[in-house]
Number of protein chains: 2
Amino acid sequence: MTVTEINSWQSVKAEVMRRIIERIWLPGDMIPNEIDLAEEFGCARATVNRAMRALAEEGLLERRRKAGTRVALNPIRKATLEIPITRLEVEQRGWSWRHSILERSETSPSVTVASRLGLSVNVEMLHVRSLHYADNHPFLYEDRWVNLSEVAAIRDVDLKEIDANEWLVQNTPLTKGDISFSAANATKQEAELLQATEGEAIFVIDRTTWNGDIPVTIVRLAYAPGYRMHTEI
Amino acid sequence: MTVTEINSWQSVKAEVMRRIIERIWLPGDMIPNEIDLAEEFGCARATVNRAMRALAEEGLLERRRKAGTRVALNPIRKATLEIPITRLEVEQRGWSWRHSILERSETSPSVTVASRLGLSVNVEMLHVRSLHYADNHPFLYEDRWVNLSEVAAIRDVDLKEIDANEWLVQNTPLTKGDISFSAANATKQEAELLQATEGEAIFVIDRTTWNGDIPVTIVRLAYAPGYRMHTEI
DNA sequence: TATTGTATTATGTATGCACATAATATTTTG
DNA sequence: CAAAATATTATGTGCATACATAATACAATA
């Protein structure tokens, strides 16, 4: 055999990908079954299976029992974006991070907040507004509500020392999250805080998280102008 | 044994997740090695490995050879967002979709476009500007450049019939993509097209895609005011 | 003491085999 | 001929074993 053996799942994956990229196998095409591919590549079926599973997870292949495997028609490449801790995000860019607490109060939520969490307005919550800096420039304005009946321990945390999000991430299990991204014109208050001009376009993330079915926190993150969220597929 | 045997990788995964969520294993903690877990659960090491690998891919565990496995300190819950085809996105919301071509020309790219693609300005590209409507309301303004030397076939496509993105997704393999999300103030032109007011905050997606190392297309998507991108984790 | 070499260890991967499961194809039955 | 029962098939999973690899701990050496 002049053929180099393809016997690691990574090389099987690479070879299958090559055939897709070079359009030897077209979108929608059925491809040979695992047994045949294993024979062709000179490896075990489990090895082929490992490679194919990886490609299916990436969205390049569609697999169904008995029906077989085909090249995906809409390679809906799923972009995975990480929900970062602001401190790390800032430090990763080589800037120094600090944050300051603008408000910290224990109160009952507004109707809007309560309804979005599915809670009564009588529940006691922690309301924290804070500003994150990157190299002493305003970077992010955060407006957060925390469900105190679920996360009572946060009462005793000094949020000047540790960011609320960072504390929550490390101290409460979060099983479910709801995130939306949008653009908004800076309000007068936001503009002042972020050293922007009123009406300037601001990137906004709204996030609600639950532990099981119990709402934990709802937060609105308003980034200083120029912020870009980036990902690769 | 009164213990129900945990012998499928899914149940191993569920049990390990339970221990993390219920804080039996804390963030940063080392957890037992695969051999011990296999013994405890009454299954093979390969089964434990399969489960642990899945959890590591989800970001809940951090694994290193010899060093062992620990609960991730920052459970970087990765949100996966699908890169949709606009027509489907609109139709999924129950609206009717149509789009109109504002410009279609074959020309050489601007310096900005060329440099972002890593191409010379002498390359011939297809420049398409189009407007997508949802229920006859402007939904998305799209400004796209396509590398004709890589995707020559698009010359003969009637883009009034099929959206460029949809055609590309179905007819060229895309192996790599670069996506960024940001907020911008609507320019006068954008405001007119999207029936917005000048300066209104607009959600923008910039996307570049490659096939292997060859750039295929670069596109800027400007959404009408009020657009939200949504995902769950 | 600092550096280099070596042993140890936990995860990573490959293999052969067996059986499970889902979906299709085929045959039987009313 | 249509509906139900049955066979077939491709992927999915589990197991035991073996060896590979990376990272650490520890000993040997200069």
Side-chain angles (χ1 to χ4, degrees), chain A residues 1 3-20 25-73 75-76, chain B residues 1 3-20 25-73 75-76:
Chain A
M1 297 274 271
V3 185
T4 15
E5 288 241 317
I6 296 176
N7 48 10
S8 80
W9 73 268
Q10 313 251 16
S11 59
V12 170
K13 184 184 159 191
E15 171 61 14
V16 171
M17 250 177 117
R18 187 186 69 80
R19 294 186 187 182
I20 295 174
W25 292 337
L26 300 173
D29 275 8
M30 294 288 304
I31 74 175
N33 70 37
E34 294 185 346
I35 293 176
D36 293 350
L37 283 176
E39 198 178 334
E40 185 195 342
F41 294 148
C43 67
R45 184 172 77 91
T47 307
V48 174
N49 182 281
R50 179 78 174 80
M52 307 292 259
R53 185 154 39 78
L55 285 168
E57 273 168 18
E58 288 178 26
L60 244 75
L61 293 179
E62 278 168 12
R63 332 191 67 202
R64 268 167 55 218
R65 279 178 176 167
K66 161 76 184 173
T69 302
R70 57 179 62 234
V71 180
L73 253 171
I76 297 181
Chain B
M1 297 276 272
V3 185
T4 15
E5 287 240 318
I6 297 176
N7 48 10
S8 81
W9 73 267
Q10 313 251 15
S11 58
V12 170
K13 184 185 159 191
E15 171 61 13
V16 171
M17 250 176 117
R18 187 186 69 80
R19 294 185 187 182
I20 294 173
W25 292 335
L26 299 173
D29 276 8
M30 294 288 302
I31 74 174
N33 70 38
E34 294 185 346
I35 294 175
D36 293 351
L37 284 177
E39 199 177 335
E40 184 196 344
F41 294 147
C43 67
R45 184 171 79 87
T47 308
V48 174
N49 182 281
R50 179 82 173 77
M52 307 293 259
R53 186 154 39 79
L55 285 169
E57 272 167 18
E58 288 177 25
L60 246 74
L61 293 178
E62 279 169 10
R63 333 191 65 202
R64 269 165 56 218
R65 278 178 175 165
K66 159 73 185 175
T69 302
R70 58 178 62 232
V71 180
L73 212 51
I76 300 178

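These numbers come from a predicted model, not from an experiment. Values below: all heavy atoms of this structure, side chains included; hydrogens, waters and symmetry mates excluded. So you know, we letter chains A, B, ... as the sequences are listed, proteins then strands, and number each from 1.
Computed from coordinates, the A/Gln10 CD to D/dA20 C1' distance equals 13 Å when rounded to whole Å. Spacing between atom CG of A/Leu61 and atom C1' of D/dA10 amounts to 14 Å, rounded to whole angstrom units. One interatomic measurement links the two molecules: CD1 of B/Ile35 to P of D/dA16, which rounds to 13 Å at whole-angstrom precision. Straight-line distance from the CD1 atom of A/Ile31 to the C1' atom of D/dA10: 12 Å, rounded to whole Å. Distance, A/Asn33 CG to D/dT8 P: 17 Å, rounded to whole Å. Taking atom CE of B/Met30 as the reference point, atom C1' of C/dT11 lies 11 Å away to the nearest angstrom. Separating the CD atom of A/Glu39 from the P atom of C/dG16 is a distance of 12 Å, rounded to the nearest angstrom. The nearest whole Å value for the distance from the NZ atom in A/Lys13 to the C1' atom in C/dG12 is 15 Å.
Of the listed nucleotides (C/dA14, C/dA10, C/dT15), C/dA10 has the atom at the smallest distance from the side chain of B/Arg65. Each of C/dG12, C/dT21, D/dT9 was ranked by its minimum atom distance to the side chain of B/Glu34; first place goes to C/dG12.
Here the closest heavy-atom approach between residue B/Ala51 and residue B/Trp9 is recorded as CB-O, 3.4 Å. Considering every non-hydrogen atom in both B/Ala72 and B/Pro27, the closest pair reads O-CB, 3.7 Å. Nearest heavy atom pair, residue B/Val12 against residue B/Val48, reads CG1-CA, 4.3 Å. Across all non-hydrogen atoms, the minimal contact from B/Pro32 to B/Trp25 is CD-CZ2, 3.7 Å.
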What protein N or O atoms touch nucleotides 4-7 of chain C N or O atoms at under 3.5 angstrom, if any, and at what distances?
none

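Within the 4.0 angstrom heavy-atom criterion, base atoms lie near B/Arg45. The residue A/Ala46 sits close to a base: some heavy atom pair falls under 4.0 Å.
Atom CD of B/Glu39 is surrounded by 12 or fewer heavy atoms from other residues, nucleotides or ligands within 6.0 Å.
Between B/Asn49 and C/dG12 there is a side-chain N or O to OP1 or OP2 distance below 4.0 Å. For D/dT13, neither phosphate oxygen OP1 nor OP2 lies less than 4.0 angstrom from any side-chain nitrogen or oxygen of B/Thr47. Applying the 4.0 Å criterion to OP1 and OP2 of D/dT24, one finds that B/Arg64 has a side-chain N or O inside that range. A close approach under 4.0 Å does not occur between any side-chain nitrogen or oxygen of A/Thr69 and OP1 or OP2 of D/dA10. A sub-4.0 Å separation between OP1 or OP2 of D/dA10 and a side-chain N or O of A/Arg63 is absent.
For C/dG12, the base has no donor-acceptor partner in the side chain of A/Arg50 [N/O atoms by modelled type, under 3.5 angstrom].
With respect to the salt-bridge test (charged N to carboxylate O, under 4.0 angstrom), the residues A/Arg19 and A/Glu40 qualify.
Annotation: of the two residues near DNA chain C, A/Ala67 and B/Gly68, the 5′-most nearest-nucleotide partner is B/Gly68.
The side chain to side chain donor-acceptor pair (under 3.5 Å) with B/Thr69 is formed by just one residue from the set B/Glu62, B/Arg63, B/Arg64; it is B/Arg63.
Note that CE of B/Met52 is 5.0 Å distant from CG of B/Leu37, once rounded to the nearest 0.5 Å.
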